[in-house]
*Asks:* 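Below you'll find the structure I mean.
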Amino acid sequence: MSHYEGDLRAPESGRFAIIASRWNLRITDTLVAGARQALAANGVAEDAIDVIRVPGAWEIPLAAARVAAAGGHVAVMALGCVIRGDTRHYEHVADGCAEGLMRVQLDFGVPVLNGVLAVERVEDADARAGGSHGNKGEEVALAAIEMAQLLEQLS
């Protein structure tokens, strides 16, 4: 019986894409910084990381699909922040983004890591962007490396 499991050895020639929304910029900038630091700490060269900025979380899946279709990246990381407001708009954006990211991942066979925070309050976002709950950008980057490495084994 074979056992396959990814680890934190990034594929040598692998490029990574970070797609981040500009909405809630203070939060998303912190997520991006965490992702970049985690990639660098695990041997990914700065010139192997592409950061793509989009207006908001709603636009992330389309950019992810374009990046995945081009075939130049071993993983795509989606980073954003949707904070509940007084209307149902929050649910449409958060759910639509998550469903779109899953679709991209399955349609193109490229890991698409969902680091789009969907939170009740800005304090919840702060806690997940370098606060008491760590930096979800960093966690997404580590998962991206692991998935890229695992898929390389499964090829």
Side-chain angles (χ1 to χ4, degrees), residues 1-82 93-119 124-125 127-155:
M1 177 175 167
S2 299
H3 176 85
Y4 298 94
E5 186 173 346
D7 58 36
L8 293 177
R9 290 176 294 142
E12 288 185 29
S13 61
R15 295 192 65 73
F16 291 82
I18 298 170
I19 302 174
S21 70
R22 290 190 309 268
W23 197 261
N24 293 312
L25 191 61
R26 182 178 59 79
I27 300 296
T28 60
D29 278 351
T30 304
L31 296 172
V32 170
R36 292 176 74 166
Q37 289 170 358
L39 291 170
N42 285 282
V44 178
E46 181 69 25
D47 63 357
I49 304 168
D50 295 312
V51 178
I52 299 131
R53 290 290 191 158
V54 296
W58 187 256
E59 293 78 23
I60 294 173
L62 178 59
R66 185 64 55 97
V67 167
H73 295 84
V74 296
V76 177
M77 291 157 272
L79 301 175
C81 180
V82 183
V93 173
D95 293 347
C97 180
E99 290 167 9
L101 294 174
M102 180 58 76
R103 181 172 150 197
V104 171
Q105 177 172 251
L106 296 174
D107 287 353
F108 294 100
V110 174
V112 178
L113 294 298
N114 185 353
V116 178
L117 304 179
V119 296
D124 299 329
R128 289 159 180 79
S132 61
H133 292 292
N135 186 312
K136 299 306 175 186
E138 177 184 342
E139 293 175 19
V140 163
L142 295 175
I145 294 170
E146 184 175 338
M147 284 303 297
Q149 205 278 330
L150 175 63
L151 291 182
E152 191 174 66
Q153 290 180 48
L154 296 176
S155 294

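Any value given below was found using the heavy atoms of this structure, including those in side chains, with hydrogens, waters and symmetry copies removed. Numbers here are sequence positions counted from 1.
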*Asks:* Sort out for me which residue in Val76, Val112, Asn114, Leu113 forms a side-chain contact (heavy atoms from CB on, under 4.5 Å) with Gln105.
*Replies:*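 For Gln105, the side-chain contact (heavy atoms from CB on, under 4.5 Å) check succeeds only for Val112.
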*Asks:* CG/Asp107 to CE/Met102 distance, rounded to the nearest 0.5 angstrom?
*Replies:*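 CE of Met102 is found 11.5 Å from CG of Asp107.
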*Asks:* What's the spacing between Lys136 NZ and Cys81 SG if we round to 0.5 Å?
*Replies:*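 The distance works out to 13.0 Å.
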*Asks:* Looking at Gly134, is its backbone amide N or carbonyl O close enough to the side chain of Arg128 to form a donor-acceptor pair, meaning the two atoms are under 3.5 Å apart?
*Replies:*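 It does not hold such a pair.
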*Asks:* Taking all non-hydrogen atoms of both residues, which atom of Glu139 and which atom of His133 are closest, and how far apart?
*Replies:*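 Residues Glu139 and His133, closest heavy atoms: OE2-O, 3.9 Å.
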*Asks:* side-chain hydrogen bond (donor to acceptor under 3.5 Å, both in side chains): which pairs involve residues 55-77, sequence neighbours left out?
*Replies:*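 Found Asp50-His73.
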*Asks:* Looking at Asp124 and Val119, would you say the former's side chain and the latter's main chain have a donor-acceptor pair under 3.5 Å?
*Replies:*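 Between the backbone of Val119 and the side chain of Asp124 there is no qualifying donor-acceptor contact (under 3.5 Å).
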*Asks:* Just by distance, do the side chain of Asn135 and the backbone of Thr30 share a donor-acceptor pair under 3.5 Å?
*Replies:*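 Yes; at least one donor-acceptor contact below 3.5 Å.
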*Asks:* Does atom CZ of Arg103 have more than 12 heavy-atom neighbours from other groups under 6.0 Å away?
*Replies:*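 It does not: Arg103 CZ has 12 such atoms or fewer within range.
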*Asks:* When rounded to the nearest 0.5 angstrom, what is the spacing between CG in Leu8 and CG in Asn42?
*Replies:*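 Going from the CG atom of Leu8 to the CG atom of Asn42 covers 5.0 Å.
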*Asks:* Locate the shortest heavy-atom distance separating Phe108 from Ala69; write the atom from each residue and the value.
*Replies:*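 Phe108 and Ala69 have their closest heavy atoms at CE2-CB, 3.5 Å.
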*Asks:* Testing the basics here: between Ala63 and Ile19, what is the closest heavy-atom pair and its distance to 0.1 Å?
*Replies:*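 Looking at all heavy atoms of both residues, the shortest contact is C-CD1, 3.6 Å.
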*Asks:* I'd like to know if the side chain of Arg15 reaches the main chain of Asp47, judged simply by a donor and an acceptor atom lying under 3.5 Å from each other, with no hydrogens or angles considered.
*Replies:*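 Here the side-chain-to-backbone pair exists.
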*Asks:* Closest heavy-atom contact between Pro61 and Cys97?
*Replies:*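 Here Pro61 and Cys97 meet closest at CG-O, 3.7 Å.
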*Asks:* Walk me through whether Val104 and Leu101 qualify under side chain to side chain contact (heavy atoms under 4.5 Å, CB included).
*Replies:* CA-CA 5 Å; Val104 171; Leu101 294 174; 5.6 Å; no
*Asks:* If you take all heavy atoms of Val74 and Pro111, which pair is closest and at what distance?
*Replies:*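 Closest approach of Val74 to Pro111, heavy atoms only: O-CD, 3.2 Å.
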*Asks:* Considering non-hydrogen atoms only, spot the tightest contact between Leu31 and Gly115 and give its length.
*Replies:*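 Result for this residue pair: CD1-O, 4.1 Å.
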*Asks:* Leu79 and side-chain contact (heavy atoms from CB on, under 4.5 Å): which partner among Val32, Val51, Leu117?
*Replies:*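 The side-chain contact (heavy atoms from CB on, under 4.5 Å) with Leu79 is passed solely by Val32 among Val32, Val51, Leu117.
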*Asks:* Apply side chain to side chain contact (heavy atoms under 4.5 Å, CB included) to Val54 and Leu62, showing your working.
*Replies:* CA-CA 10 Å; Val54 296; Leu62 178 59; over 6 Å; no
*Asks:* Check whether any side-chain N or O of Thr28 sits under 3.5 Å from a backbone N or O of Ala20 as a donor-acceptor pair, and report yes or no.
*Replies:*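 No, the answer is negative, given that no donor and acceptor are paired below the 3.5 Å cut-off.
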*Asks:* Considering only distance and modelled atom types, tabulate donor-acceptor pairs under 3.5 Å from the side chains of residues 140-150, sequence neighbours left out.
*Replies:*
unit_1 : atom_1 : unit_2 : atom_2 : d
Gln149 : OE1    : Asp7   : N      : 3.2
Gln149 : OE1    : Gln153 : NE2    : 2.7

